[in-house]
Visitor: 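For reference, the structure I am asking about is given below.
This one's a predicted model, so the numbers in the text were calculated from it and none came from an experiment. Both backbone and side-chain heavy atoms feed into the values below; hydrogens, waters and symmetry mates do not.
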Amino acid sequence: MSIYQRLGVPPVINAAGTLTRLGGTVMLPEVRDAMSEAACELVPVDELQAMASRAIASACGSEAGLVTSGASAGLTLAAAACMAGLDIVKMDRLPGGAGPRSEIVICRSHRNSYDHAFRVAGATLVEVGFSDRSPGVGVRETEAWEIDAAITENTAAIAYTASASAYPPLSVVSAVARKRRVPVIVDAAGQLPPPSNLRRFIAEGADLVAISGGKALRGPQGTGILAGRSDLIASAALQQLDMDVTFETWLPPPDLIPRDKLTGAPRHGMGRGFKVSKEQIVGLVVALGLFTDERAKADYARWLEVLHVIELGLRNCARVQATLVPPRQALGFPLLEVQLDPKETALTAYELVARMKKGRPAIHLGERRLMDGGILVHPASLDQATARIVLQRLLAELQAP
């Protein structure tokens with residue numbers, strides 16, 4: 001009996017993806033072992049973050065890095081860093097009191113529920129441009145000149161939501177930002193795999209990049225990576241770390257925090273509630289080191305095998321059509337789309353998903369195609385055994401009256 005069963009919370013089968021609400025993904029055994037070992041001793045957290053900064057910089061091609069309490073917290077810290085810099089007075093006044101330079105420019109088509117993270121820091125979002133292609137009314141997207149025109153003396157940063165179809169290209173946005181001396185913050189929370197995306201966004205000109213430490217990395221689900229410019233990472237770290245220190249005796253690691261550039265020790269920052277434990281920092285660094293091209297190739301092969309089990313088992317079911325959906329990026333997540341045929345069954349995709357959740361064990365399926373009458377099977381947390389359970393339950397529910 002698992003710990004969750006002993007606590008009265010039955011485990012589920014997650015065929016929906018790397019979703020936080022379902023616990024993300026299962027941590028790698030090496031990560032679990034490292035965290036258990038890290039729990040047995042004590043170290044200064046700022047020194048541990050300095051070690052993590054070097055590891056993140058090496059993996060991401062950035063100047064520095066920080067382990068955050070998730071990618072969303074990373075975006076909030078990024079916004080705070082861009083608004084306050086190394087000015088401890090501005091840090092103390094956040095959120096909302098750092099001065100007029102608190103606007104973040106964002107393409108209207110990049111707006112999403114997660115950009116609330118910027119507003120948590122006290123930033124005001126300035127929307128720019130239109131996506132005429134999305135509603136099918138034209139051929140144009142937000143253009144570089146529109147972003148440039150939106151930048152004023154009040155602009156703290158430009159926000160960019162990364163995806164396989166994001167437009168304008170990050171390199172175009174970064175070129176505008178460099179010309180206007182404004183940093184670019186990239187939300188790349190779910191952009192792994194492939195491993196090459198660890199370095200891609202910095203290489204394309206981003207100043208700060210937030211990535212989830214759980215999901216595909218299979219590190220601690222409550223962690224994230226913030227990679228970028230050393231001065232901005234230092235500001236983010238100062239606004240996250242425990243700052244109950246005496247300036248005269250405070251000796252922060254110089255490769256993370258430039259003490260000589262500060263007028264004093266800042267008080268606890270607006271990111272103090274975003275702390276991460278020593279065990280989480282260690283776990284994230286170990287997971288990052290294990291995220292190699294070789295592992296990604298092996299994972300991809302395994303995911304295809306898992307999806308093939310379900311796809312093959314549904315071929316003779318007239319009520320559905322199962323189609324393998326290849327990833328948009330090499331070594332990304334493949335998916336299985338299961339489309340219900342309304343001529344063969346009165347069951348809707350919504351009803352099928354609800355029934356699968358009500359069973360034991362509860363099975364969660366991807367819901368992004370529900371409006372189109374389909375469900376998605378995501379392989380990240382499945383193996384051969386759980387894939388067969390998903391298949392059996394799908395067939396049972398499809399054949400039920």
Side-chain angles (χ1 to χ4, degrees), residues 1-27 113 164-165 190 193 214-216 218 221 298-329 331-401:
M1 181 179 290
S2 74
I3 180 63
Y4 294 114
Q5 290 170 319
R6 296 198 300 272
L7 293 172
V9 183
V12 303
I13 293 178
N14 176 8
T18 59
L19 306 179
T20 297
R21 66 178 179 270
L22 296 177
T25 50
V26 176
M27 285 193 297
S113 299
S165 58
K215 301 187 185 297
R218 294 182 65 186
Q221 177 61 20
D299 283 345
Y300 185 74
R302 176 174 57 82
W303 296 332
L304 287 177
E305 291 175 358
V306 164
L307 294 180
H308 183 65
V309 168
I310 303 173
E311 186 272 334
L312 185 62
L314 292 176
R315 283 184 185 178
N316 294 325
C317 180
R319 296 183 176 186
V320 296
Q321 177 67 45
T323 305
L324 186 67
V325 181
R328 291 187 174 184
Q329 301 180 74
L331 300 180
F333 289 116
L335 301 171
L336 185 69
E337 182 170 359
V338 180
Q339 194 74 27
L340 277 71
D341 187 344
K343 296 179 181 179
E344 297 290 339
T345 177
L347 186 68
T348 69
Y350 289 92
E351 291 169 338
L352 178 57
V353 166
R355 287 187 184 185
M356 295 288 281
K357 288 181 181 179
K358 291 177 181 177
R360 286 294 177 268
I363 297 175
H364 291 255
L365 299 165
E367 301 183 9
R368 293 190 178 185
R369 295 284 193 275
L370 288 182
M371 289 187 293
D372 301 317
I375 59 174
L376 294 174
V377 179
H378 194 295
S381 297
L382 297 177
D383 55 22
Q384 294 280 336
T386 51
R388 284 191 287 271
I389 294 173
V390 171
L391 171 61
Q392 292 165 3
R393 286 279 302 284
L394 280 172
L395 290 172
E397 294 296 348
L398 288 166
Q399 294 165 3

Visitor: Taking all non-hydrogen atoms of both residues, which atom of Pro361 and which atom of Ile13 are closest, and how far apart?
Guide: CG-CD1, 3.9 Å
Visitor: Just wondering, do Glu367 and Val353 contact through their side chains at under 4.5 Å, heavy atoms?
Guide: yes
Visitor: In the structure I gave you, are the side-chain heavy atoms of Pro334 and Pro327 within less than 4.5 Å of one another anywhere?
Guide: yes
Visitor: With a 4.5 Å limit on heavy-atom distance, are the side chains of Glu337 and Leu376 in contact?
Guide: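 Yes, at least one pair of side-chain atoms sits under 4.5 Å.
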Visitor: State, yes or no, whether a side-chain contact exists between Thr386 and Ile363 at a heavy-atom distance under 4.5 Å.
Guide: no
Visitor: A side-chain contact here means heavy atoms from C-beta on lying under 4.5 Å apart; do Leu370 and Ile375 qualify?
Guide: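 Contact flag for Leu370/Ile375 side chains = yes.
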Visitor: Under a 4.5 Å cut-off applied to non-hydrogen side-chain atoms, are Leu347 and Arg355 in contact?
Guide: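 The answer is yes; the side chains approach within 4.5 Å.
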Visitor: Return the NE2 to CD distance between His308 and Glu305, rounded to the nearest 0.5 Å.
Guide: 9.5 Å
Visitor: Has Ser381 got a side-chain atom pairing as donor or acceptor with Thr25's backbone, closer than 3.5 angstrom?
Guide: no
Visitor: When rounded to the nearest 0.5 angstrom, what is the spacing between CZ in Arg218 and CG in Asp299?
Guide: 7.0 Å
Visitor: Dump the intermediate steps for side-chain contact (heavy atoms from CB on, under 4.5 Å) on Val320 and Thr345, then the final yes or no.
Guide: CA-CA 9 Å; Val320 296; Thr345 177; over 6 Å; no
Visitor: What are the two closest non-hydrogen atoms of Arg393 and Gly359, and how far apart are they?
Guide: NH2-CA, 3.2 Å
Visitor: Any chance you could lay out the side-chain contact (heavy atoms from CB on, under 4.5 Å) test for Gln321 and Asp341, step after step, and finish with the verdict?
Guide: CA-CA 7 Å; Gln321 177 67 45; Asp341 187 344; over 6 Å; no
Visitor: Do other residues, nucleotides or ligands put more than 12 heavy atoms under 6.0 Å from the CZ atom of Arg21?
Guide: no
Visitor: Out of curiosity, Ile310 CD1 to Ile389 CD1, how far, rounded to the nearest 0.5 Å?
Guide: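 It is 10.5 Å, given to the nearest 0.5 Å.
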Visitor: Provide the closest heavy-atom pair for Gln221 versus Lys215 in the form atom of the first, atom of the second, distance.
Guide: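 Smallest heavy-atom distance, with atoms named: OE1-N, 3.5 Å.
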Visitor: Which heavy atom of Cys317 sits nearest to which heavy atom of Leu398, and what is that distance?
Guide: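 Cys317 and Leu398 have their closest heavy atoms at SG-CD1, 3.9 Å.
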Visitor: Write down the atom of Leu382, the atom of Val306, and the distance for their closest heavy-atom approach.
Guide: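 Smallest heavy-atom distance, with atoms named: CB-CG1, 3.6 Å.
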Visitor: What is the minimum heavy-atom distance between Val390 and Leu365, and which atoms define it?
Guide: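 Heavy atoms of Val390 and Leu365 come nearest at CG1-CD2, 4.4 Å.
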Visitor: Do His364 and Met356 touch side chain to side chain, with heavy atoms closer than 4.5 Å?
Guide: no
Visitor: Arg369 side chain to Gln339 main-chain N or O, any donor-acceptor pair under 3.5 Å?
Guide: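 A pair under 3.5 Å: no.
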Visitor: Going from CG on Leu336 to CH2 on Trp303, what distance comes out if it is rounded to the nearest 0.5 angstrom?
Guide: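 If we round to the nearest 0.5 Å, Leu336:CG and Trp303:CH2 are 15.5 Å apart.
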Visitor: Does Tyr300 reach the side chain of Pro193, with side-chain heavy atoms less than 4.5 Å apart?
Guide: no
Visitor: Check whether any side-chain N or O of Asp372 sits under 3.5 Å from a backbone N or O of Gly374 as a donor-acceptor pair, and report yes or no.
Guide: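 No; zero donor-acceptor contacts below 3.5 Å.
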Visitor: Does atom CZ of Arg302 have more than 12 heavy-atom neighbours, drawn from other residues, nucleotides or ligands, at distances under 6.0 Å?
Guide: yes
Visitor: So, does Arg388 use its side chain to make a donor-acceptor pair with the main chain of Val309 at under 3.5 Å?
Guide: no
Visitor: Going from CZ on Arg319 to CD on Glu397, what distance comes out if it is rounded to the nearest 0.5 angstrom?
Guide: 11.5 Å
